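So the structure is just underneath, and the comments pick up after that.
Order of appearance sets the numbers: ligands from 1, and atoms from 1 within every ligand. Predicted model, so just to flag it, every value in this text is computed and none were measured.
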Amino acid sequence: MLIKKPSDIKPSEITPESVYLQRRRLLQNAGLGLGAMLLPRLGLAAMEVDSPVKAIRRYTGEKPGQMTAPDWLQHKVAQARPGRFGAEESVTPWDIVTTHNNFYEFGTDKSDPAENARNFITNPWQVEIAGHAEITGRFNLEDILKPHDLEERIYRLRCVEAWSMVVPWVGFPLADLIKRFRPSSRAKFVRFETLYDPQQMPGQRSRFAALNYPYQEGLRIDEAMNELAFLGVGIYGNAMPPQNGAPLRLVVPWKYGFKSIKSIVKIEFLERRPVGSWERSNSKEYGFYANVNPEVSHPRWSQASERRLPTSIFASNRRSTELFNGYQAEVAHLYAGMNLRNDY
Ligand SMILES: Nc1nc2c(c(=O)[nH]1)N[C@H]1C(S)=C(S)[C@@H](COP(=O)(O)O)O[C@H]1N2
Ligand SMILES: [Mo]
(Lines give C-alpha, C1' and ligand atoms only; values in the text may rest on other atoms or scores of the structure.)
(Ligands and ions follow the chains in the order given, each with its own letter.)
Protein backbone atom coordinates (compact mmCIF):
# COMPACT_ATOMS: atom_id res chain seq x y z
CA MET A 1 0.00 0.00 0.00
CA LEU A 2 1.33 3.43 -0.87
CA ILE A 3 1.20 6.44 1.37
CA LYS A 4 0.52 9.85 -0.02
CA LYS A 5 3.82 11.66 0.18
CA PRO A 6 3.67 14.57 2.61
CA SER A 7 5.19 16.67 -0.18
CA ASP A 8 2.10 15.96 -2.27
CA ILE A 9 -0.13 17.52 0.36
CA LYS A 10 -1.03 21.10 -0.44
CA PRO A 11 -0.47 23.64 2.35
CA SER A 12 -4.22 24.33 2.30
CA GLU A 13 -4.78 20.71 3.22
CA ILE A 14 -2.59 20.97 6.27
CA THR A 15 -5.30 21.31 8.84
CA PRO A 16 -5.54 19.40 12.07
CA GLU A 17 -8.01 17.14 10.34
CA SER A 18 -5.61 16.21 7.59
CA VAL A 19 -3.08 15.48 10.27
CA TYR A 20 -5.49 13.00 11.78
CA LEU A 21 -6.26 11.50 8.41
CA GLN A 22 -2.61 11.09 7.64
CA ARG A 23 -2.11 9.42 10.99
CA ARG A 24 -4.90 7.07 10.22
CA ARG A 25 -3.34 6.20 6.89
CA LEU A 26 -0.11 5.53 8.71
CA LEU A 27 -1.84 3.30 11.17
CA GLN A 28 -3.51 1.43 8.38
CA ASN A 29 -0.27 1.06 6.51
CA ALA A 30 1.39 -0.31 9.55
CA GLY A 31 -1.32 -2.89 9.86
CA LEU A 32 -2.17 -1.46 13.26
CA GLY A 33 -5.46 -0.15 12.00
CA LEU A 34 -6.53 -3.33 10.29
CA GLY A 35 -9.64 -3.44 12.39
CA ALA A 36 -10.36 0.16 11.50
CA MET A 37 -10.23 -0.59 7.79
CA LEU A 38 -12.91 -3.18 8.24
CA LEU A 39 -15.12 -0.85 10.23
CA PRO A 40 -18.15 0.65 8.53
CA ARG A 41 -17.99 4.35 7.60
CA LEU A 42 -19.64 5.35 10.83
CA GLY A 43 -17.00 3.67 12.89
CA LEU A 44 -14.27 5.42 10.95
CA ALA A 45 -15.84 8.81 11.45
CA ALA A 46 -16.03 8.20 15.16
CA MET A 47 -12.35 7.27 15.19
CA GLU A 48 -11.26 10.57 13.78
CA VAL A 49 -12.08 12.41 16.98
CA ASP A 50 -9.31 10.49 18.71
CA SER A 51 -6.02 12.27 19.05
CA PRO A 52 -3.22 10.41 17.29
CA VAL A 53 -1.73 9.56 20.66
CA LYS A 54 -4.97 8.02 21.83
CA ALA A 55 -5.41 6.25 18.54
CA ILE A 56 -1.97 4.70 18.82
CA ARG A 57 -2.72 3.55 22.35
CA ARG A 58 -6.05 2.16 21.27
CA TYR A 59 -4.46 -0.12 18.70
CA THR A 60 -1.25 -1.03 20.40
CA GLY A 61 -2.11 -0.84 24.05
CA GLU A 62 0.08 1.13 26.40
CA LYS A 63 3.67 0.45 25.46
CA PRO A 64 6.13 -0.15 28.28
CA GLY A 65 8.06 2.94 29.20
CA GLN A 66 6.04 5.33 27.11
CA MET A 67 4.45 6.88 30.11
CA THR A 68 7.86 8.22 31.04
CA ALA A 69 7.24 10.96 28.44
CA PRO A 70 5.61 14.02 30.02
CA ASP A 71 2.18 15.12 28.84
CA TRP A 72 3.45 18.37 27.31
CA LEU A 73 5.73 16.35 25.06
CA GLN A 74 3.09 13.79 24.10
CA HIS A 75 0.90 16.73 23.21
CA LYS A 76 3.49 18.56 21.21
CA VAL A 77 4.28 15.41 19.25
CA ALA A 78 0.59 14.79 18.58
CA GLN A 79 0.34 18.27 17.02
CA ALA A 80 3.00 17.54 14.40
CA ARG A 81 2.13 18.54 10.85
CA PRO A 82 3.00 16.50 7.77
CA GLY A 83 6.50 17.45 6.74
CA ARG A 84 8.34 17.71 3.47
CA PHE A 85 9.77 14.25 3.19
CA GLY A 86 7.84 11.12 2.50
CA ALA A 87 8.71 7.72 1.19
CA GLU A 88 6.91 5.94 -1.58
CA GLU A 89 7.10 2.79 0.47
CA SER A 90 5.06 1.28 3.24
CA VAL A 91 6.18 2.25 6.68
CA THR A 92 7.62 -0.51 8.84
CA PRO A 93 5.10 -1.68 11.45
CA TRP A 94 5.27 -0.09 14.88
CA ASP A 95 5.90 -3.46 16.48
CA ILE A 96 9.05 -3.95 14.44
CA VAL A 97 10.30 -0.39 14.84
CA THR A 98 9.99 -0.66 18.63
CA THR A 99 11.28 -4.21 19.18
CA HIS A 100 14.13 -4.53 16.68
CA ASN A 101 16.58 -1.96 17.98
CA ASN A 102 20.23 -1.13 18.27
CA PHE A 103 20.87 0.68 21.52
CA TYR A 104 23.91 -1.00 23.00
CA GLU A 105 23.59 0.84 26.30
CA PHE A 106 20.60 -1.43 26.91
CA GLY A 107 22.10 -4.64 25.51
CA THR A 108 23.38 -5.98 22.23
CA ASP A 109 20.51 -8.24 21.15
CA LYS A 110 17.91 -6.57 18.97
CA SER A 111 15.21 -7.32 21.53
CA ASP A 112 17.22 -6.07 24.54
CA PRO A 113 16.46 -2.33 24.32
CA ALA A 114 12.68 -2.81 24.32
CA GLU A 115 13.04 -4.97 27.41
CA ASN A 116 15.78 -3.14 29.33
CA ALA A 117 14.83 0.46 28.52
CA ARG A 118 11.27 -0.08 29.78
CA ASN A 119 11.76 2.19 32.79
CA PHE A 120 14.41 4.48 31.34
CA ILE A 121 13.88 7.88 32.99
CA THR A 122 13.79 10.57 30.32
CA ASN A 123 11.89 13.20 32.27
CA PRO A 124 13.35 15.53 33.48
CA TRP A 125 15.98 15.78 30.73
CA GLN A 126 18.63 18.35 30.02
CA VAL A 127 20.77 19.05 26.99
CA GLU A 128 24.07 20.89 27.17
CA ILE A 129 25.09 23.11 24.27
CA ALA A 130 28.83 23.68 24.27
CA GLY A 131 31.83 24.75 22.22
CA HIS A 132 32.17 27.46 19.59
CA ALA A 133 28.79 29.15 19.78
CA GLU A 134 27.46 32.46 21.08
CA ILE A 135 24.92 30.79 23.32
CA THR A 136 25.99 27.82 25.40
CA GLY A 137 24.77 26.21 28.60
CA ARG A 138 22.55 23.53 29.98
CA PHE A 139 18.90 23.67 28.98
CA ASN A 140 15.76 21.84 29.98
CA LEU A 141 14.34 19.74 27.16
CA GLU A 142 11.23 21.88 27.22
CA ASP A 143 13.30 25.00 26.45
CA ILE A 144 15.25 23.17 23.78
CA LEU A 145 12.02 22.20 22.02
CA LYS A 146 9.85 25.25 22.75
CA PRO A 147 10.42 27.36 19.61
CA HIS A 148 10.21 24.41 17.22
CA ASP A 149 7.02 23.32 15.51
CA LEU A 150 7.18 19.62 14.96
CA GLU A 151 6.70 17.87 11.64
CA GLU A 152 6.41 14.29 10.54
CA ARG A 153 8.93 12.92 8.06
CA ILE A 154 8.98 9.43 6.67
CA TYR A 155 12.59 8.37 6.20
CA ARG A 156 14.37 5.16 5.31
CA LEU A 157 16.78 3.97 8.00
CA ARG A 158 19.61 1.78 6.69
CA CYS A 159 21.70 0.02 9.33
CA VAL A 160 25.30 -0.82 8.56
CA GLU A 161 24.29 -4.42 9.32
CA ALA A 162 22.33 -4.43 6.03
CA TRP A 163 18.76 -4.32 7.29
CA SER A 164 16.51 -1.33 6.78
CA MET A 165 13.20 0.12 7.83
CA VAL A 166 10.90 3.01 6.92
CA VAL A 167 10.00 5.13 9.94
CA PRO A 168 7.51 7.96 10.40
CA TRP A 169 9.58 10.25 12.63
CA VAL A 170 8.30 13.33 14.42
CA GLY A 171 10.79 16.09 15.04
CA PHE A 172 12.35 19.23 13.56
CA PRO A 173 15.34 20.15 11.42
CA LEU A 174 18.67 20.04 13.23
CA ALA A 175 19.62 23.21 11.34
CA ASP A 176 16.84 25.14 13.11
CA LEU A 177 18.25 24.20 16.49
CA ILE A 178 21.84 24.96 15.49
CA LYS A 179 20.95 28.45 14.23
CA ARG A 180 19.46 29.40 17.60
CA PHE A 181 22.77 28.92 19.38
CA ARG A 182 24.73 30.89 16.76
CA PRO A 183 27.86 28.82 16.21
CA SER A 184 30.94 30.88 15.31
CA SER A 185 33.03 30.50 12.18
CA ARG A 186 35.32 28.18 14.14
CA ALA A 187 32.53 25.62 14.40
CA LYS A 188 33.42 23.16 11.65
CA PHE A 189 31.92 20.05 13.25
CA VAL A 190 29.12 19.12 15.61
CA ARG A 191 29.55 16.41 18.20
CA PHE A 192 26.68 14.64 19.94
CA GLU A 193 26.76 12.64 23.13
CA THR A 194 24.34 10.12 24.63
CA LEU A 195 23.52 9.94 28.34
CA TYR A 196 26.07 8.17 30.51
CA ASP A 197 24.23 6.48 33.37
CA PRO A 198 25.49 2.98 34.17
CA GLN A 199 22.78 2.62 36.84
CA GLN A 200 20.12 2.83 34.20
CA MET A 201 22.06 1.43 31.27
CA PRO A 202 23.20 -2.16 31.83
CA GLY A 203 25.35 -2.09 28.67
CA GLN A 204 27.51 0.59 30.27
CA ARG A 205 28.17 -1.70 33.25
CA SER A 206 29.35 -4.59 31.13
CA ARG A 207 33.06 -5.37 31.34
CA PHE A 208 32.90 -6.70 27.79
CA ALA A 209 31.33 -3.59 26.30
CA ALA A 210 31.91 -3.31 22.57
CA LEU A 211 31.96 0.47 22.78
CA ASN A 212 33.40 3.23 24.93
CA TYR A 213 30.67 5.20 26.62
CA PRO A 214 29.20 7.73 26.48
CA TYR A 215 28.25 6.94 22.88
CA GLN A 216 29.22 9.81 20.65
CA GLU A 217 28.81 10.79 17.05
CA GLY A 218 29.60 13.74 14.85
CA LEU A 219 28.77 15.54 11.64
CA ARG A 220 30.48 18.17 9.56
CA ILE A 221 28.68 21.46 10.17
CA ASP A 222 27.39 21.61 6.58
CA GLU A 223 26.04 18.08 6.92
CA ALA A 224 24.36 19.09 10.16
CA MET A 225 22.81 22.12 8.43
CA ASN A 226 21.46 20.02 5.54
CA GLU A 227 17.68 20.05 5.40
CA LEU A 228 17.49 16.27 5.85
CA ALA A 229 19.32 16.20 9.19
CA PHE A 230 16.57 15.85 11.75
CA LEU A 231 16.15 15.76 15.51
CA GLY A 232 13.55 13.17 16.39
CA VAL A 233 11.30 13.36 19.45
CA GLY A 234 8.70 10.84 18.35
CA ILE A 235 7.63 8.09 16.00
CA TYR A 236 4.17 7.26 14.73
CA GLY A 237 2.70 10.40 16.27
CA ASN A 238 3.80 9.33 19.72
CA ALA A 239 6.65 10.52 21.93
CA MET A 240 9.85 8.59 21.25
CA PRO A 241 9.82 5.21 22.96
CA PRO A 242 12.88 4.74 25.21
CA GLN A 243 14.30 1.97 23.05
CA ASN A 244 14.27 4.30 20.03
CA GLY A 245 16.27 6.99 21.81
CA ALA A 246 13.91 9.02 23.98
CA PRO A 247 13.56 11.85 24.44
CA LEU A 248 15.74 13.34 21.67
CA ARG A 249 17.77 11.64 18.96
CA LEU A 250 19.45 12.40 15.71
CA VAL A 251 18.12 11.06 12.40
CA VAL A 252 20.48 11.31 9.42
CA PRO A 253 18.80 9.16 6.78
CA TRP A 254 21.57 9.18 4.16
CA LYS A 255 24.09 7.68 6.58
CA TYR A 256 24.28 4.29 8.25
CA GLY A 257 22.08 4.02 11.32
CA PHE A 258 24.91 4.25 13.84
CA LYS A 259 25.28 7.97 13.04
CA SER A 260 21.71 8.52 14.30
CA ILE A 261 22.69 8.82 17.95
CA LYS A 262 20.04 8.32 20.61
CA SER A 263 19.10 9.98 23.90
CA ILE A 264 21.25 13.06 23.35
CA VAL A 265 22.49 15.04 26.38
CA LYS A 266 25.18 17.15 24.76
CA ILE A 267 25.72 18.99 21.49
CA GLU A 268 29.12 20.58 21.00
CA PHE A 269 30.50 22.79 18.23
CA LEU A 270 34.08 21.90 17.41
CA GLU A 271 36.91 23.07 15.22
CA ARG A 272 38.38 19.57 14.85
CA ARG A 273 36.64 16.46 13.63
CA PRO A 274 35.30 14.32 16.47
CA VAL A 275 35.69 10.53 16.47
CA GLY A 276 32.46 8.55 16.77
CA SER A 277 32.12 5.59 19.12
CA TRP A 278 31.97 3.05 16.31
CA GLU A 279 34.83 4.67 14.45
CA ARG A 280 36.87 4.56 17.65
CA SER A 281 36.08 0.87 18.15
CA ASN A 282 37.16 -0.04 14.59
CA SER A 283 37.94 2.70 12.10
CA LYS A 284 38.44 0.21 9.26
CA GLU A 285 34.87 -0.98 9.56
CA TYR A 286 33.12 2.25 10.58
CA GLY A 287 34.20 5.52 9.06
CA PHE A 288 33.38 9.06 10.08
CA TYR A 289 31.22 9.75 7.05
CA ALA A 290 29.35 6.44 7.05
CA ASN A 291 27.38 7.51 3.99
CA VAL A 292 25.22 4.67 2.71
CA ASN A 293 27.07 3.38 -0.34
CA PRO A 294 26.37 0.08 -2.13
CA GLU A 295 29.82 0.14 -3.71
CA VAL A 296 31.85 0.35 -0.55
CA SER A 297 31.66 -2.98 1.25
CA HIS A 298 32.00 -3.41 4.95
CA PRO A 299 35.19 -5.47 5.41
CA ARG A 300 33.07 -8.43 6.49
CA TRP A 301 30.03 -8.14 4.20
CA SER A 302 28.69 -6.48 1.08
CA GLN A 303 26.62 -3.32 1.31
CA ALA A 304 25.16 -3.78 -2.19
CA SER A 305 21.78 -4.92 -0.89
CA GLU A 306 19.70 -4.84 2.27
CA ARG A 307 16.85 -6.68 3.97
CA ARG A 308 13.83 -4.43 4.38
CA LEU A 309 12.07 -5.28 7.62
CA PRO A 310 9.88 -7.09 8.33
CA THR A 311 11.35 -10.21 6.80
CA SER A 312 10.21 -13.78 7.19
CA ILE A 313 11.40 -17.23 6.21
CA PHE A 314 9.15 -16.85 3.16
CA ALA A 315 10.27 -13.38 2.16
CA SER A 316 13.75 -12.04 2.74
CA ASN A 317 12.62 -8.73 1.27
CA ARG A 318 16.01 -8.09 -0.23
CA ARG A 319 16.47 -4.94 -2.26
CA SER A 320 19.36 -3.05 -3.78
CA THR A 321 20.94 -0.43 -1.58
CA GLU A 322 21.05 3.06 -3.04
CA LEU A 323 23.84 5.60 -2.82
CA PHE A 324 23.14 7.95 0.09
CA ASN A 325 20.21 5.67 0.87
CA GLY A 326 18.33 7.22 -2.05
CA TYR A 327 18.79 10.82 -0.87
CA GLN A 328 21.30 11.81 -3.59
CA ALA A 329 19.30 14.84 -4.66
CA GLU A 330 19.49 16.37 -1.20
CA VAL A 331 23.02 15.48 -0.12
CA ALA A 332 25.31 14.48 -3.02
CA HIS A 333 26.62 18.05 -3.32
CA LEU A 334 28.06 17.83 0.19
CA TYR A 335 30.61 15.30 -1.06
CA ALA A 336 31.49 16.77 -4.45
CA GLY A 337 35.17 16.16 -5.18
CA MET A 338 35.57 13.62 -2.37
CA ASN A 339 36.62 10.06 -3.02
CA LEU A 340 33.84 8.11 -1.35
CA ARG A 341 36.00 4.98 -1.23
CA ASN A 342 38.59 6.66 0.94
CA ASP A 343 36.26 8.91 2.87
CA TYR A 344 33.82 6.18 3.84
N1 LIG B 1 23.34 5.93 21.95
C2 LIG B 1 23.19 5.06 20.94
N3 LIG B 1 22.67 5.49 19.78
C4 LIG B 1 22.50 4.63 18.73
C5 LIG B 1 22.91 3.26 18.87
C6 LIG B 1 23.43 2.84 20.12
O7 LIG B 1 23.80 1.66 20.32
N8 LIG B 1 23.55 3.76 21.13
N9 LIG B 1 22.77 2.40 17.79
C10 LIG B 1 22.73 3.03 16.46
C11 LIG B 1 22.41 2.08 15.40
S12 LIG B 1 23.62 0.98 14.97
C13 LIG B 1 21.23 2.13 14.71
S14 LIG B 1 20.96 1.12 13.38
C15 LIG B 1 20.14 3.01 15.14
C16 LIG B 1 18.90 2.18 15.40
O17 LIG B 1 17.80 2.98 15.70
P18 LIG B 1 16.41 2.30 16.07
O19 LIG B 1 16.66 1.29 17.14
O20 LIG B 1 15.50 3.39 16.50
O21 LIG B 1 15.93 1.63 14.80
O22 LIG B 1 20.45 3.73 16.33
C23 LIG B 1 21.78 4.21 16.41
N24 LIG B 1 21.93 5.07 17.58
MO1 LIG C 1 23.04 0.20 12.89
Side-chain angles (χ1 to χ4, degrees), residues 63 65-66 91-117 120 122 125 127 153-171 191-198 200-204 206 209-219 229-236 238-267 276-282 285-287 290-292 298 300-301 303 306-310 321 325:
K63 284 283 182 285
Q66 282 194 322
V91 292
T92 304
W94 162 273
D95 286 334
I96 306 285
V97 176
T98 57
T99 56
H100 181 281
N101 300 101
N102 274 336
F103 198 167
Y104 275 30
E105 287 88 333
F106 290 104
T108 52
D109 285 349
K110 294 288 177 283
S111 58
D112 284 343
E115 188 61 33
N116 297 334
F120 181 32
T122 58
W125 192 268
V127 179
R153 292 186 178 189
I154 301 164
Y155 279 164
R156 293 176 288 276
L157 175 87
R158 171 46 159 95
C159 176
V160 74
E161 298 164 333
W163 52 264
S164 63
M165 312 193 283
V166 181
V167 183
W169 303 104
V170 173
R191 188 180 76 88
F192 303 85
E193 203 175 283
T194 296
L195 179 71
Y196 181 74
D197 187 351
Q200 289 204 76
M201 296 172 146
Q204 294 177 337
S206 165
L211 298 173
N212 282 319
Y213 295 110
Y215 194 104
Q216 39 176 310
E217 259 310 332
L219 296 172
F230 202 58
L231 281 170
V233 295
I235 57 169
Y236 274 98
N238 208 339
M240 195 69 77
Q243 60 268 41
N244 294 90
L248 179 73
R249 71 170 294 174
L250 188 63
V251 188
V252 270
W254 71 97
K255 292 176 180 285
Y256 291 120
F258 69 85
K259 298 294 287 186
S260 293
I261 181 172
K262 296 178 168 180
S263 305
I264 295 167
V265 293
K266 187 171 179 182
I267 300 176
S277 290
W278 281 101
E279 184 187 6
R280 174 148 292 152
S281 78
N282 190 336
E285 301 193 351
Y286 311 100
N291 290 318
V292 175
H298 185 280
R300 291 182 278 132
W301 60 83
Q303 295 290 26
E306 64 201 59
R307 290 179 305 116
R308 172 62 51 83
L309 302 184
T321 288
N325 204 19

Heavy-atom check, side chain of Trp278 versus side chain of Val160, under 4.5 Å: no
Sort out for me which residue in Lys259, Lys266, Arg280 forms a salt bridge (charged side-chain N to carboxylate O under 4.0 Å, His left out) with Glu217. Lys259
Pairs touching residues 101-111 that satisfy salt bridge (Lys or Arg N to Asp or Glu O under 4.0 Å), sequence neighbours left out: Lys110-Glu161
Using 30° and 60° as the class limits, which term best fits the ring planes of Phe103 and Phe106: parallel, tilted or perpendicular?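 Perpendicular.
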For each nitrogen or oxygen atom of ligand 1, which protein N/O atoms lie closer than 3.5 Å, and how far apart are they, rounded to 0.1 Å?
unit_1   : atom_1 : unit_2 : atom_2 : d
ligand 1 : 1 (N)  : Glu105 : OE2    : 3.0
ligand 1 : 1 (N)  : Thr194 : OG1    : 2.9
ligand 1 : 3 (N)  : Lys262 : N      : 3.1
ligand 1 : 7 (O)  : Tyr104 : N      : 2.8
ligand 1 : 8 (N)  : Glu105 : OE1    : 2.8
ligand 1 : 9 (N)  : Asn102 : O      : 3.1
ligand 1 : 17 (O) : Arg249 : NH2    : 3.3
ligand 1 : 17 (O) : Lys262 : NZ     : 3.4
ligand 1 : 19 (O) : Asn101 : ND2    : 2.9
ligand 1 : 19 (O) : Asn102 : N      : 3.4
ligand 1 : 19 (O) : Lys262 : NZ     : 2.6
ligand 1 : 20 (O) : Asn244 : ND2    : 3.0
ligand 1 : 20 (O) : Arg249 : NH1    : 2.6
ligand 1 : 24 (N) : Ser260 : O      : 2.9

Check: Thr108 main-chain N/O paired with Asp112 side-chain donor or acceptor under 3.5 Å: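 Yes, Asp112 side chain to Thr108 backbone: donor-acceptor pair under 3.5 Å.
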Carefully, step by step, assess Leu219 and Leu250 under the rule side-chain contact (heavy atoms from CB on, under 4.5 Å). CA-CA 11 Å; Leu219 296 172; Leu250 188 63; 4.1 Å; yes
